[in-house]
Amino acid sequence: MKGFTLVETLIAIAILTLAIVGPFTVVQGVLQSSYIARDQLIAAALAQEGMEYVRSVRDSNFIFNTHTAGSRPWLYGLDSSTGIDCYTNACVIDPGQQTVIDCGNTSCAARPLYLSGTNLYTQTSAGNTQTRFTRQVRLTSISATETLVTVTVSWTGHGSYSVVLKENLRNWL
């Protein structure tokens, strides 16, 4: 009876190992890319939510001024008129709680977003799970009737990433 030699067996094992390891390496790369893509989609949605909140503030001030003959500034609540100044410092917003936090001289990165039991992102830590995402809003005055709104969502995981959403917002009051 003829059998395999030791060299033939080692070559067969090496070929089999390459045939198995190659697809596993590809699958690992695909999984890592899918996790990054998932996080980018979440970050883009969080950035859009931040932008929508700033628009909502502008629109609410328009309605307030129209129905009460008030004279609030068009970005009241985000400008220095309430003690929170998203022009001077970056701010953290929580649309669910309708709160704005001025980061002051500290980094907004120290204020992570939390995931609630109902899968909503919030700044409230009580009873919620901390995520790796942070969101900050910064306003830059272009003119008396136009402001550049920059929303930045950052996170870490297989590297450091960020999504930046910019829009010129106009006072149509």
Side-chain angles (χ1 to χ4, degrees), residues 32 35-173:
Q32 185 173 354
Y35 293 142
I36 292 169
R38 177 202 60 196
D39 289 345
Q40 287 174 332
L41 286 171
I42 292 169
L46 289 169
Q48 184 63 40
E49 180 185 44
M51 188 65 70
E52 292 295 332
Y53 182 78
V54 174
R55 282 193 202 116
S56 172
V57 167
R58 176 200 55 191
D59 297 348
S60 296
N61 289 327
F62 173 76
I63 292 168
F64 177 84
N65 288 339
T66 301
H67 292 290
T68 65
S71 60
R72 279 186 179 173
W74 67 290
L75 287 175
Y76 178 84
L78 298 172
D79 61 2
S80 60
S81 58
T82 60
I84 295 170
D85 189 359
C86 297
Y87 285 99
T88 305
N89 303 309
C91 292
V92 171
I93 60 166
D94 189 345
Q97 301 296 319
Q98 295 190 357
T99 57
V100 180
I101 303 165
D102 188 332
C103 292
N105 295 330
T106 63
S107 171
C108 289
R111 298 182 178 271
L113 288 165
Y114 294 86
L115 191 61
S116 72
T118 56
N119 291 325
L120 296 175
Y121 286 87
T122 180
Q123 288 296 141
T124 307
S125 61
N128 297 321
T129 306
Q130 182 176 336
T131 69
R132 61 181 164 264
F133 296 100
T134 61
R135 173 176 49 203
Q136 71 177 18
V137 175
R138 183 171 289 279
L139 305 178
T140 306
S141 181
I142 296 172
S143 71
T145 60
E146 188 174 7
T147 292
L148 172 65
V149 180
T150 305
V151 181
T152 305
V153 177
S154 302
W155 73 99
T156 57
H158 305 295
S160 295
Y161 303 94
S162 65
V163 170
V164 179
L165 180 60
K166 293 183 177 190
E167 181 178 331
N168 288 8
L169 194 63
R170 291 176 178 81
N171 177 9
W172 44 269
L173 297 177

So how far is it from [X] [atom1] to [Y] [atom2], rounded to the nearest 0.5 Å?
{"X": "Q136", "Y": "R111", "atom1": "CD", "atom2": "CZ", "value": "12.0 Å"}
{"X": "F62", "Y": "H67", "atom1": "CZ", "atom2": "NE2", "value": "8.0 Å"}
{"X": "N171", "Y": "T147", "atom1": "CG", "atom2": "OG1", "value": "8.5 Å"}
{"X": "D102", "Y": "Y87", "atom1": "CG", "atom2": "OH", "value": "13.5 Å"}
{"X": "I142", "Y": "N168", "atom1": "CD1", "atom2": "CG", "value": "4.0 Å"}
{"X": "D59", "Y": "W74", "atom1": "CG", "atom2": "CH2", "value": "10.5 Å"}

Q) Given Y161 and I36, is the side chain to side chain contact (heavy atoms under 4.5 Å, CB included) satisfied, shown in steps? A) CA-CA 9 Å; Y161 303 94; I36 292 169; 3.3 Å; yes
Q: Take D39 and F133 through the test side chain to side chain contact (heavy atoms under 4.5 Å, CB included) and record every step on the way to the result.
A: CA-CA 9 Å; D39 289 345; F133 296 100; 4.0 Å; yes
Distance-minimising heavy-atom pair for [X] and [Y]:
{"X": "P112", "Y": "T131", "result": "CB-O, 3.9 Å"}
{"X": "W155", "Y": "A43", "result": "CZ3-CB, 3.2 Å"}
{"X": "N65", "Y": "G70", "result": "OD1-C, 3.2 Å"}
{"X": "V92", "Y": "R135", "result": "CG2-O, 3.8 Å"}
{"X": "P73", "Y": "N61", "result": "O-ND2, 3.6 Å"}
{"X": "Q123", "Y": "L113", "result": "OE1-CD2, 3.0 Å"}

Q | Pairs touching residues 90-101 that satisfy side chain to side chain donor-acceptor pair (under 3.5 Å), sequence neighbours left out | A |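 Side chain to side chain donor-acceptor pair (under 3.5 Å) check on residues 90-101 returns D94-T122.
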Q) Quick one: does Y121's side chain get under 4.5 Å of L115's, heavy atoms only? A)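 Counting from C-beta outward, Y121 and L115 do come under 4.5 Å.
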Q. R170 versus T145: any side-chain heavy-atom pair under 4.5 Å?
A.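 Side chain of R170 against side chain of T145, heavy atoms only: no contact under 4.5 Å found.
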Q: Decide side chain to side chain contact (heavy atoms under 4.5 Å, CB included) for E167 and V54; before the verdict, give the C-alpha distance in whole Å, the side-chain angles of both, and the deciding distance to 0.1 Å.
A: CA-CA 11 Å; E167 181 178 331; V54 174; over 6 Å; no
Got a donor-acceptor contact below 3.5 angstrom from the [X] side chain to the [Y] backbone?
{"X": "S60", "Y": "S56", "value": "yes"}
{"X": "T124", "Y": "A126", "value": "no"}
{"X": "R55", "Y": "L169", "value": "no"}

Just distance, no hydrogens or angles: give the donor-acceptor pairs under 3.5 Å from side chains in residues 76-83, sequence neighbours left out.
unit_1	atom_1	unit_2	atom_2	d
D79	OD1	S81	N	3.3
D79	OD1	S81	OG	2.5

Q: Any disulfide (SG to SG under 2.5 Å) involving residues 39-91? Give me the pairs, sequence neighbours left out, ordered by first then second residue.
A: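 Those involving residues 39-91 are C86-C91.
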